[in-house]
Protein chains: 2
Amino acid sequence: MQRIYLDNAATTALDPTVLEAMMPYLTEKFGNPSSIYSYGRESRLAVESARKSVAKILKAHPAEIFFTSGGTESSNTAITASIRDLRCGRIISSPIEHHATLHSVQNMNSHHGIPLDFVKLLPDGHIDLADLETLLAKSKEKCLVSLMHANNEIGNLLDIHAVGAICRRYNAVFHSDTVQTVGHYPFDLRNTPVDFITGAGHKFHGPKGVGILYINENIRIQPYIHGGSQERNMRAGTENLYGIVGFARALEMATNSYEQDSQYITSLKTYMAAELQKKIPGVKFNGDPFGRSLYTVLNVSFPKTEKSEMILFNLDINHICASGGSACTSGADLGSHVIRAIDSNPERVAVRFSFCKKNTKEEIDLVIEKLKGLI
Amino acid sequence: MQRIYLDNAATTALDPTVLEAMMPYLTEKFGNPSSIYSYGRESRLAVESARKSVAKILKAHPAEIFFTSGGTESSNTAITASIRDLRCGRIISSPIEHHATLHSVQNMNSHHGIPLDFVKLLPDGHIDLADLETLLAKSKEKCLVSLMHANNEIGNLLDIHAVGAICRRYNAVFHSDTVQTVGHYPFDLRNTPVDFITGAGHKFHGPKGVGILYINENIRIQPYIHGGSQERNMRAGTENLYGIVGFARALEMATNSYEQDSQYITSLKTYMAAELQKKIPGVKFNGDPFGRSLYTVLNVSFPKTEKSEMILFNLDINHICASGGSACTSGADLGSHVIRAIDSNPERVAVRFSFCKKNTKEEIDLVIEKLKGLI
């Protein structure tokens with residue numbers, strides 16, 4: 001049986017066109033972008049062209065885009081710099097952040113004594129903006145607000161403009177983990193009140209091991225990784241040349257086919273949800289799947305039974321890739337901290353299905369058919 | 001005219017065989033190594049096989065090898081952890097370290113108030129071990145000693161065993177930047193008194209954007225990049241799967257052909273040095289080129305003239321890639337901090353030629369011929 005891959009929020013297949021764009025830099029064009037001879041300058045040009053392209057797509061300035069090793073490094077950089085360089089004395093975040101944020105802010109709290117508040121969640125998993133405002137209003141310290149744009153497990157979308165406006169009102173620094181939305185949604189950073197956003201190539205058919213950090217032009221920070229003068233002294237280390245080229249190409253492709261892809265993927269999600277409700281008794285959905293939600297993610301809640309507790313295992317046996325939560329935490333085997341935070345009902349089992357343009361209605365039908373037998 | 005690439009200490013060409021090993025992971029095998037289904041476990045297996053292979057070659061335990069985004073991140077991790085987790089209260093380093101170390105220890109000094117001593121250099125650029133011992137003996141604090149195994153600009157090799165033995169005597173933590181030696185020399189880490197070493201794939205015909213940090217099994221540190229539970233909770237972020245596979249393959253290839261390659265490259269270096277002495281009046285060499293020195297690096301010192309000051313520029317015009325110092329610092333345009341530290345004679349111009357197995361005697365002849373005209 002052919003594998004059905006419905007875990008695109010964990011990682012996506014590298015697009016052959018992206019690989020094609022990377023290939024020259026994996027073969028003959030290997031010069032170090034920091035070398036001053038013409039052969040190095042060709043590599044430098046590739047990096048700077050990639051930066052310009054990314055900046056143009058996100059409607060940012062090229063000087064605001066920094067290439068990193070991925071979304072996690074980007075968030076670590078932003079959070080550390082907000083405390084160390086921007087003098088934030090308190091962090092406001094949420095219990096459903098990705099661990100890249102959650103473990104970073106918890107580290108700032110436990111090892112550096114920075115007070116940490118978690119904003120309240122509404123029953124559908126959205127951030128309670130009134131509570132955010134209350135927390136900001138009562139803080140005596142300048143705050144770092146770190147709230148993700150889209151939750152990687154339940155798909156909830158944050159109103160980044162509303163949160164940014166609140167942050168500006170209270171002179172707070174605003175970092176948003178946008179790893180699930182860069183490459184999936186249009187951005188207009190020049191008109192978005194945010195200080196830091198992040199991206200990871202492998203979430204939108206680009207390469208693993210490369211990401212970006214957007215740093216608003218009004219922000220001045222020190223590097224997180226010290227050393228050479230790469231990335232205008234902001235991120236040391238020989239540039240991941242092919243990764244950077246691949247990141248930009250993948251973002252270009254995602255942007256060019258956004259209307260078409262997002263409509264198509266939305267139709268897959270809607271179809272799967274409808275079929276599940278029709279064919280699996282007791283099925284529910286976590287988050288706000290038909291409201292402000294990623295079109296790529298459907299988090300399904302099944303009644304807990306002996307059978308449903310084995311669901312991921314049995315899906316795997318049937319060559320269906322889906323997950324119980326974030327891949328980044330699956331090693332820990334503690335279940336999902338997101339599901340625990342939004343729904344304390346222990347009588348349910350959560351499975352995340354996440355889609356891409358390569359999935360088909362036929363695959364969904366096959367998965368539903370299997371699920372009927374497995375639940 | 002064909003390009004002659006003599007800047008292999010900056011970066012090397014990705015070996016086609018290494019790329020071949022990476023290709024499955026750039027195409028069909030894209031699963032997230034942290035995903036628990038079988039498709040993810042295939043990727044996990046590739047990462048763990050790579051770790052075992054690297055460990056076996058370096059004669060370390062697999063649990064001592066951590067994959068990172070490169071040598072710079074590895075050194076940042078080691079230096080930060082030595083201060084933060086291993087309670088080192090003083091750093092002893094040298095003025096000729098790579099900026100990945102130098103800027104990290106200077107940051108620890110200026111931003112965290114950690115006293116920083118630079119060990120004295122001998123006239124040939126080697127570390128004065130007696131001075132190292134004096135510094136350690138008079139320190140009241142536990143020390144971090146950070147000294148590179150091979151200097152990337154002048155090629156000097158450190159006696160890592162002697163330094164390690166001194167460090168052990170004074171209960172100091174020993175970090176060595178081995179970016180220029182991993183993939184170029186055999187290692188026997190089980191019998192080397194060192195706590196941290198580093199490696200970067202692109203220095204030995206592997207991919208850019210991936211490196212390792214060796215952490216001695218007796219050392220317990222916290223991660224530098226917080227987030228998911230990758231790398232046994234030591235380095236968060238989705239693994240650079242193809243990079244890791246490529247790193248291991250490149251190291252295997254380098255190890256398999258070490259005897260042959262090192263002999264061949266040594267002969268190129270020796271030949272070039274002899275020809276330069278024969279044909280260019282006033283030529284000298286920086287460092288200890290015929291003593292304890294990388295076989296891959298020859299740092300040439302020319303008398304300063306109007307012509308020699310333009311030498312890198314003119315080599316470039318002639319499609320010859322060589323450098324004035326580290327590529328990582330060339331953006332800064334301040335000249336080499338290493339050459340300044342070992343040789344304050346402003347009447348000399350330094351050019352680093354660095355070789356690999358793909359260079360030929362014919363290339364050296366062509367370069368010498370050109371140099372005769374350019375000097």
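Each chain gets a letter, A, B and so on, in the order the sequences are listed, and its residues count up from 1. Just so it is clear, the values below take in all heavy atoms, side chains as well, and ignore hydrogens, waters and symmetry mates.
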Trainee: Just by modelled atom types, is the A/Ala10 backbone N or O under 3.5 Å from a matching donor or acceptor in the B/Asn32 side chain?
Mentor: yes
Trainee: For A/Phe30 and B/Tyr5, I'd like to know if the aromatic rings sit close, meaning centre-to-centre distance below 6.0 Å.
Mentor: yes
Trainee: May I ask you to check whether A/His226 and B/Asn107 show a side-chain donor-acceptor distance below 3.5 Å?
Mentor: yes
Trainee: Could you check which of B/Pro33, B/Pro16, B/Pro207, B/Gly71 has the highest count of heavy-atom pairs closer than 4.5 Å to chain A?
Mentor: B/Pro207
Trainee: Within the 4.5 Å heavy-atom criterion, are A/Thr238 and B/Thr72 side-chain neighbours or not?
Mentor: no
Trainee: Would you sort out whether A/Leu241 and B/His202 count as a side chain to side chain contact (heavy atoms under 4.5 Å, CB included), showing the intermediate values?
Mentor: CA-CA 11 Å; A/Leu241 180 56; B/His202 72 106; over 6 Å; no
Trainee: Tell me if a side-chain donor or acceptor on A/Asp316 pairs with a main-chain N or O of B/Ser38 at a distance below 3.5 Å.
Mentor: yes
Trainee: Tell me, side chain or backbone of A/Tyr25 under 4.5 Å from chain B's heavy atoms, or both, or neither?
Mentor: neither
Trainee: Measure across A/Ser69 and B/Arg235 and return the closest heavy-atom pair with its distance rounded to 0.1 Å.
Mentor: OG-NH2, 2.9 Å
Trainee: For the pair A/His99 (side chain) and B/Gly227 (backbone), establish whether a donor and an acceptor sit closer than 3.5 Å, ignoring hydrogens and angles.
Mentor: no
Trainee: To the nearest 0.5 angstrom, please state how far the OH atom of A/Tyr224 sits from the CD atom of B/Glu73.
Mentor: 9.0 Å
Trainee: At a heavy-atom separation under 4.5 Å, does B/Met108 approach chain A through its side chain, its backbone, both, or neither?
Mentor: neither
Trainee: For residues A/Cys321 and B/Tyr39, report the shortest heavy-atom separation together with the two atoms involved.
Mentor: SG-CB, 3.9 Å
Trainee: Where do A/Thr11 and B/Gly31 come nearest, in terms of heavy atoms and distance?
Mentor: CG2-C, 4.0 Å
Trainee: Using non-hydrogen atoms only, which part of A/Leu102 is less than 4.5 Å away from chain B: side chain, backbone, both, or neither?
Mentor: neither
Trainee: Select one option (side chain, backbone, both, neither) describing which atoms of A/Gln106 are under 4.5 Å from chain B's heavy atoms.
Mentor: neither
Trainee: Do you know the tightest heavy-atom contact between B/Leu26 and A/Leu14?
Mentor: O-CD2, 3.3 Å
Trainee: Checking heavy atoms, do the side chain of B/Ala322, its backbone, both or neither come under 4.5 Å from chain A?
Mentor: backbone
Trainee: Between B/Thr12 and chain A, which part of the residue has a heavy atom less than 4.5 Å away: side chain, backbone, both or neither?
Mentor: backbone
Trainee: Which atom names give the shortest non-hydrogen contact between A/Glu239 and B/Lys208, and what distance separates them?
Mentor: O-CD, 3.4 Å
Trainee: Below 4.5 Å, heavy-atom pairs only: which of B/Ala236, B/Ala200, B/Gly70, B/Gly40 has the largest tally toward chain A?
Mentor: B/Ala236
Trainee: Verify side-chain hydrogen bond (donor to acceptor under 3.5 Å, both in side chains) between A/Tyr37 and B/Asp7, making sure each step is shown before the conclusion.
Mentor: CA-CA 10 Å; A/Tyr37 39 74; B/Asp7 200 19; 2.6 Å; yes
Trainee: Counting only heavy atoms closer than 4.5 Å, note whether B/Phe313 contacts chain A via side chain, backbone, both or neither.
Mentor: neither
